[in-house]
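A short write-up of the structure that comes next.
Computed from a predicted structure; not experimentally measured.
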Amino acid sequence: MTEAPLIVPSTSGPRASAAHDQDDLLSGLNPQQLAAVTYRGPALLIVAGAGSGKTSVLTRRIASLLRGREAWPSQILAITFTNKAAGEMRERVAGLVGEASRGMWISTFHSACVRILRREAEQFGFTKSFTIYDSGDSRALIKRLVKDHEADAYGLTPASVQGRISKLKNELQDSESYARDANMSDPAERKFVEIFADYQRRLRKANAFDFDDLIGQTVYLFRAFPKVADTYRRRFRHILVDEYQDTNHAQYALIHELTRPVSADAPDPYASNGMMIFEPETAPELEGASLTVVGDSDQSIYAFRGADIRNISEFERDFPGARVVLLEQNYRSTQNILSAANAVIGNNFDRKDKKLWSDRGDGDMIVGFTGYSQHDEAQFVADEVEMLRRAGMPYSEMAVFYRTNSQSRALEEIFIRSAVPYKIMGGTKFYERAEIKDALAYLISVANPADEMSVRRILNKPRRGIGDVTETAIARFAEDHGISFREALSMPAQLGVGPKIQAGIAQLDAVLKEATEILLPASGEVPPPTSVADGLSLLLAKSGYLDALRASRDPQDEARVENLDEFVAVARDFARNNPEGTIADFLTEVALVSDADDLDDESGSVSMMTMHTAKGLEYDAVFVTGVEEDLIPHRISAGEPGGPQEERRLFYVGITRARKRLHLSLAMTRAQFGEVSVAMPSRFLQEIPAELVDWRQSPGDVNSRGGMQSRALNARRGGFGGGSSSGGDRFGVKKLPPRDSLKPLSTSMDKFTNKVTGKVRDNGDLELAAGDRIRHDDFGEGRVDAVTGEGAKRIAHVRFDSAGLKKLLIKIAPIEKL
DNA sequence: GCGATACTCACTGAG
DNA sequence: TGAGTATCGC
């Protein structure tokens with residue numbers, strides 16, 4: 001985040017005396033920000049509204065601690081939600097204090113916990129090389145367990161079991177503590193408890209933690225081994241937590257453990273360096289670390305994942321004597337955008353009133369648009385993007401948000417067709433692709449042979465003729481002889497399987513052994529930095545995995561080979577950045593990267609992402625799409641306690657990302673599961689004062705021009721149309737008519753010339769030149785102004801007779817030359 | 001054990 | 001629509 005008023009012109013002349021050291025940190029701050037940077041005490045809560053400069057405040061606070069010699073870098077622990085946010089904070093602190101920033105822990109909850117767990121794993125029965133199971137991995141394991149326990153008969157699905165286990169772990173419950181309170185006379189409950197316990201046993205046996213365990217087991221470690229906890233309490237004297245409103249109970253407990261005072265008896269290695277500002281050196285015990293948290297309960301959007309808003313609302317009770325600082329001035333958005341945001345969030349009743357304000361002036365009006373279909377809506381977005389681009393706004397300053405990932409497809413189709421460069425944050429993640437997971441499973445099989453899931457995964461990849469029967473035989477053999485699944489692979493002759501399969505197993509075993517020598521050289525030798533990449537290449541090549549893909553005639557396999565190349569490149573990159581990184585470090589990094597992390601804006605393309613991913617980001621122009629009932633608020637949220645309110649916060653997060661221009665759009669019909677259904681405008685739209693919105697095409701317009709006489713929509717027109725609304729019907733929102741009072745619009749839609757479809761055609765090598773006239777399926781006739789680009793990426797700039805100026809990707813546009 | 005085909009079910013959200 | 005799974009014939 002960048003907030004203009006905080007950017008300080010570099011002072012001329014050398015920064016000579018210590019007295020002036022803090023000047024550049026403090027200048028340009030408003031009084032609240034100043035207090036947030038300079039307050040010293042055991043606990044500080046910074047309530048930071050959207051765009052109020054919290055990142056600046058946090059980084060300056062850290063810099064000020066370091067510059068004032070109040071803390072060594074190693075005594076600072078700063079927690080963020082994404083690796084990207086962590087990297088950004090590290091960079092900004094480095095910009096303020098230079099070298100002194102090294103040695104700080106600035107990381108996510110998950111990475112910090114992995115670091116601690118790797119160090120301490122042996123204390124409680126794990127090894128340093130434990131595996132991290134992502135949700136897909138644990139889903140697979142739970143699926144097996146549900147099957148083994150025949151639990152589907154009790155209505156337990158893998159998804160529900162996984163969800164419940166995750167929730168419980170976020171509450172720091174285990175199967176035993178849960179069983180104590182559960183109704184164990186219910187057979188489904190008993191089954192669930194069995195599976196939960198079994199799941200945990202399997203994880204332990206596999207030397208693995210799932211995502212939730214990373215936090216929960218660290219808390220457990222601290223509680224079970226106070227001496228271990230004390231070393232970290234001594235070390236971290238200043239703990240700062242960002243996005244505190246999204247912490248769950250386990251994370252809260254972790255922070256609590258870390259900020260406890262240290263009991264007196266143990267020696268204190270840090271007491272002698274004179275850095276302890278809170279206590280005299282002779283004190284018998286060490287006070288708890290100083291805690292700073294930053295958050296905004298209006299931006300809490302992860303309750304579904306266990307985030308507990310009470311962590312922030314009850315902070316003052318949890319940490320008596322805490323100071324609270326409120327940052328309400330917004331440095332990001334224009335007043336129109338903020339007024340809309342305030343109006344929307346004001347409908348949540350259980351919040352402390354807080355009004356964002358800006359001194360940047362009203363700015364442009366919010367633009368509203370209703371499309372007939374999602375394609376139509378997407379075309380509006382694409383057109384508007386092009387208009388802003390022509391007006392000088394770079395693509396990288398624009399973003400399109402949607403509620404669910406599936407909405408991105410229609411947008412993508414139109415963007416491709418309109419030759420708008422874009423990139424999608426999220427969706428199918430690189431590390432969730434099958435081939436990457438296979439490659440990872442190979443690496444894990446070497447790094448952590450106890451992880452049976454991974455070994456089983458690669459057993460028959462590539463095909464070695466090993467099916468269920470052989471797999472079970474191996475498992476039985478291992479069990480009978482008290483050895484691990486992995487070890488059983490090294491004695492294929494004794495498994496009682498055919499010679500061909502024996503050879504396959506022997507070959508796999510040999511490859512894994514060879515890779516082990518590269519990745520984990522025996523007896524204390526330090527592997528060279530390139531070992532991870534080398535080991536990976538060897539595994540992929542000698543296992544026959546790559547050859548099998550290359551030999552395949554499935555066109556997708558070509559892309560898979562490229563992905564694997566990319567993955568090897570990631571490993572080489574890793575070696576470059578971490579010369580001493582081990583295979584375990586590499587696997588950690590890979591397991592913990594997330595979508596929000598690879599946002600990189602240099603490429604000059606429009607960003608598309610879900611509103612969840614958008615948190616913490618900002619853009620000059622923002623398009624919030626699909627502002628419809630059942631989408632935002634999402635249908636499923638209605639059944640959850642606090643669901644609709646969380647949806648409203650999510651919408652609020654979306655609109656407060658915009659600096660200058662905000663667009664809200666929806667479609668009257670939306671296709672899902674291949675079927676077209678009618679959509680209704682979101683209730684949130686009604687909560688925005690009508691005078692702030694310039695409707696290019698309101699829901700009412702679509703309705704009347706579509707020839708539909710729906711009372712439901714006409715009744716709402718006052719709120720949507722024309723900007724002259726009295727707001728009289730703004731409170732009628734809750735009485736939405738049943739959906740079937742609307743007939744699908746599709747029957748009458750066919751009349752409309754600007755109905756845009758997702759149609760694509762392969763024009764092969766159609767030649768166009770300036771001056772040509774063409775006909776487009778959706779836009780009608782037009783004249784080519786210019787042609788740019790090369791080969792498959794040639795773009796026609798066309799002036800349509802009625803639809804205006806458009807860019808078209810010639811290869812796929814539904815056009816013909818006249 | 002494998003590959004092709006038919007069929008089913010799902011789309012919140014994310015670490 | 002399209003990914004994932006069950007079923008079947010080889």
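Between B:dC2 and A:Asn460, a contact under 4.0 Å exists linking OP1 or OP2 to a side-chain N or O. At B:dG15, none of the side-chain N or O atoms of A:Thr108 fall inside 4.0 Å of OP1 or OP2 (strictly under the cut-off). Dashed line: the shortest gap from a side-chain N or O of A:Asn405 to OP1 or OP2 of B:dG13 is under 4.0 Å. Contact annotation: A:Thr610 reaches the phosphate of B:dA14 (side-chain N/O to OP1 or OP2, under 4.0 Å). Distances shown here put every side-chain N or O of A:His612 at or beyond 4.0 Å from the OP1 or OP2 atom of B:dG13.
Between the side chain of A:Glu377 and the main chain of A:Gly626, a donor-acceptor pair closer than 3.5 Å is present.
Looking at residues 129-138 of chain A, you'll see A:Ser135 sit with a heavy atom under 4.0 Å from some atom of DNA chain B.
Using a cut-off of 4.0 Å between Lys/Arg side-chain N and Asp/Glu carboxylate O, A:Glu646 and A:Arg649 are scored as salt-bridged. A salt bridge does not link A:Arg403 with A:Glu628: every distance from a Lys NZ or Arg NE/NH1/NH2 to an Asp or Glu carboxylate oxygen is 4.0 Å or more.
In a base pair of the Watson-Crick type (N1 to N3 plus N6-O4 or O6-N4) or a G-U wobble (N1-O2 and O6-N3), with each distance short of 3.5 Å, C:dT1 is matched with B:dA10.
One side chain, A:Tyr545 or A:Asp438, offers a donor N or O that lies under 3.5 Å from an acceptor on the other. For A:Tyr220 and A:Asp174, the side-chain atoms include no donor-acceptor pair closer than 3.5 Å. Remark: the A:Asp451 side chain and the A:Tyr133 side chain contain an N/O donor-acceptor pair separated by less than 3.5 Å. A donor-acceptor contact closer than 3.5 angstrom links the side chains of A:Thr588 and A:Arg118.
The interatomic distance linking A:Leu459 (CG) with B:dC2 (P) rounds to 11 Å, in whole Å. Between the C1' atom of B:dA14 and the CZ atom of A:Arg139 lies a distance of 13 Å, rounded to the nearest Å. For the pair A:Ile215 CD1 and B:dA14 P, the interatomic distance rounds to 18 Å; values are reported in whole Å. Counting to the nearest Å, the P atom of B:dC11 and the CD1 atom of A:Ile632 are 19 Å from each other. Atom CD in A:Gln645 sits about 21 Å away from atom P in B:dT12, given to the nearest Å. In this entry the distance linking CE of A:Met425 with P of B:dG13 reads 16 Å, nearest Å. Rounded to whole Å, atom C1' of B:dG15 lies 15 Å from atom CD of A:Glu589. Atom C1' of nucleotide B:dA14 and atom CD of A:Gln251 are separated by 12 Å, given to the nearest angstrom.
The side-chain ring of A:Phe304 is stacked on the base of B:dG13, judged by centre separation under 5.5 angstrom and plane angle under 30 degrees.
Set against B:dC11, B:dG15, B:dG3, the side chain of A:Arg463 has B:dG3 as its closest nucleotide.
Residue contacts for A:Ser406: at a heavy-atom cut-off of 4.0 Å it reaches a base atom on one of the strands shown. No engagement by A:Phe109 is indicated, since no non-hydrogen atom pair under 4.0 Å with the nucleic acid exists. Within 4.0 Å of A:Arg635, counting heavy atoms only, lies no atom of the nucleic acid at all.
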For A:Phe304 and A:His634, run ring-ring contact (aromatic ring centres under 6.0 Å, His included): C-alpha distance rounded to whole Å, both residues' side-chain angles, the deciding distance at 0.1 Å, then the answer. CA-CA 13 Å; A:Phe304 71 90; A:His634 197 276; over 10 Å; no
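Paired with A:Leu587 under the rule side chain to side chain contact (heavy atoms under 4.5 Å, CB included), one option of A:Asn448, A:Val114, A:Ile132, A:Leu440 passes, and it is A:Leu440.
Remark: A:Lys437 engages A:Asp134, A:Asp137 in a salt bridge (charged side-chain N to carboxylate O under 4.0 Å, His left out) (not counting sequence neighbours).
One donor-acceptor pair, N or O on each side, does fall under 3.5 Å between the base of B:dG15 and the side chain of A:Asp212.
Taking the C1' atoms as reference points, C:dT5 lies 23 Å from B:dT12, given to the whole Å. Nucleotides C:dG4 and B:dG13 have their P atoms positioned 15 Å apart, rounded to a whole Å.
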Dump the pairs, protein N or O against N or O of nucleotides 5-10 of chain C, anything under 3.5 Å, distances to one decimal.
unit_1	atom_1	unit_2	atom_2	d
C:dT5	OP1	A:Lys143	NZ	2.4

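Closest-nucleotide positions on DNA chain B for A:Asn170 and A:Ile466 were compared, and the one nearer the 5' end corresponds to A:Ile466. Between A:Val469 and A:Ser637, the residue anchored nearer the 5' end of DNA chain B, judged by the nucleotide with its closest heavy atom, is A:Val469.
By the 30° and 60° cut-offs, the orientation of the rings of A:Phe684 relative to A:Phe651 is parallel.
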